[in-house]
Protein chains: 2
Amino acid sequence: MSTKKQQLIDCAMGLFYQHGIHAIGINEILKSSGIAKKTLYNHFESKEALVLATLEQRHHLFISWLSRCLENAQTNEQLAEQLFSALDQWINNKVEVLGEFRGCYFINTAAEFGELSSPINQLCQRHKLAVKALLKQALNDADDAAVERLFLLSEGIISTAYTCHDTDVVKRALKN
Amino acid sequence: MSTKKQQLIDCAMGLFYQHGIHAIGINEILKSSGIAKKTLYNHFESKEALVLATLEQRHHLFISWLSRCLENAQTNEQLAEQLFSALDQWINNKVEVLGEFRGCYFINTAAEFGELSSPINQLCQRHKLAVKALLKQALNDADDAAVERLFLLSEGIISTAYTCHDTDVVKRALKN
DNA sequence: CAAATGATAGACAGGATGGTCTACTTCTGT
DNA sequence: ACAGAAGTAGACCATCCTGTCTATCATTTG
């Protein structure tokens, strides 16, 4: 992959995630990255194609980060602990690769696009299913309902952390 | 409140919720409502003011719907049941006053606006806190952790129902 | 009746947007 | 060294955006 193309994706990722996709114009990405407009349109046929590339990259980034966080858990309880600890770190900006926390990029992006069948929304859906599949695989022997519940809980945590500007959700959720 | 003003709020609410705020221009609202531009700017000083009015209205609508759903629960288990049943009906478009399900208007809106301290985001936050307060009040004697967990679970359900186009979340979440 | 109020239609301004295109420069592989 | 590829700068286009303003019409109220 061309370095310019990668720079564009990285820069767009940051701006889109931080401010939302409709709020960021092509020109802002160009100015911020210092790359020429022609170069962008050499690599991407449209803004949407660039958006899809950022989603794709974030998807791999996130899944690989999360699966690393869940490694080596001995019991299901331990795995849940590791999951919540990972979320807590993310929410409190202690995970460099994920950037400054602003909720889930996929939830946020899906929220911006009404058309359910658009490629963008489909990617967001695929990402969430992949996260759920990762949990299922990590949770040995657990029934589907337990997986489901853990997944829903973490979705709630991520969403609430952002919408309520609540950096302590995880701690409170864990108190019994 | 002037009838024209109310019509504008209703119409804008529908379009914003269905397609997202940045995706809907003032002119679209005017065309769809058949109201003149001057009239809109007589009642609202800007698009943002109109957005805030729709959030305010949706907030009251939603809270009053939800509190009606939670009425008359005898036990905390029953209350949780009623909550999940309500979510299920909403997600499956059986609640007329809430319109065709497209996730949580407040989560979606917050996702579109990067500035955390903007009036729009503050309203979204206030709404979520009000929902949590409603749950806390409805759940007699329950500890804060139980309230928190129920709240996070429903946030996860709403978010997942939309992002994953998953109309069966509630059913699956309830299976033990 | 007359005055005030509220609504309408739509032109208009000023700026931003996504995207195309040209002319020029720099890098790279053989 | 030289050809072709890749990048740059930015003018330009058509369209859309929010918001203002004028001129006209309808309704109500004193």
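Protein chains get the first letters and strands the later ones, always in sequence-line order, with residue 1 at the start of each.
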Can you tell me the distance, in whole Å, between the [atom1] atom of [X] and the [atom2] atom of [N]?
X     : N      : atom1 : atom2 : result
A:L40 : D:dG10 : CG    : P     : 17 Å
B:N42 : C:dA4  : CG    : P     : 17 Å
A:K47 : C:dG19 : NZ    : C1'   : 12 Å
B:Y41 : C:dG10 : OH    : C1'   : 15 Å
A:K5  : D:dA5  : NZ    : C1'   : 16 Å
B:F44 : D:dT18 : CZ    : P     : 15 Å

Closest to the B:K4 side chain, choosing from D:dG19, C:dT8, C:dG19: C:dT8
Polar side-chain atom of B:Q18 near backbone of A:G114 as donor-acceptor pair, under 3.5 Å: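 Pair absent, no side-chain N/O of B:Q18 close to backbone of A:G114.
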Cationic N near anionic O, under 4.0 Å, A:K136 to A:D144: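 Here A:K136 pairs with A:D144 in a salt bridge, since their nearest N and O are under 4.0 Å apart.
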Presence of A:H43 side-chain N/O under 4.0 Å of D:dG7 phosphate oxygens OP1/OP2: yes
Common cluster, B:I107/A:Y162, ILVMFWY with side-chain heavy-atom separation under 4.5 Å: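 Looking at the clustering, A:Y162 is in a separate group from B:I107.
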Qualifying salt bridge (charged side-chain N to carboxylate O under 4.0 Å, His left out) pairs with a residue from residues 104-131 of chain B, counting only residues at least two apart or across chains: B:K128-B:E155
Other residues, nucleotides, ligands: >12 heavy atoms within 6.0 Å of A:Q137 CD: no
Heavy atoms of other groups near A:H59 NE2, more than 12 under 6.0 Å: yes
DNA chain D contacts among residues 24-39 of chain A, heavy-atom distance under 4.0 Å: A:G34, A:I35, A:A36, A:K37, A:K38, A:T39
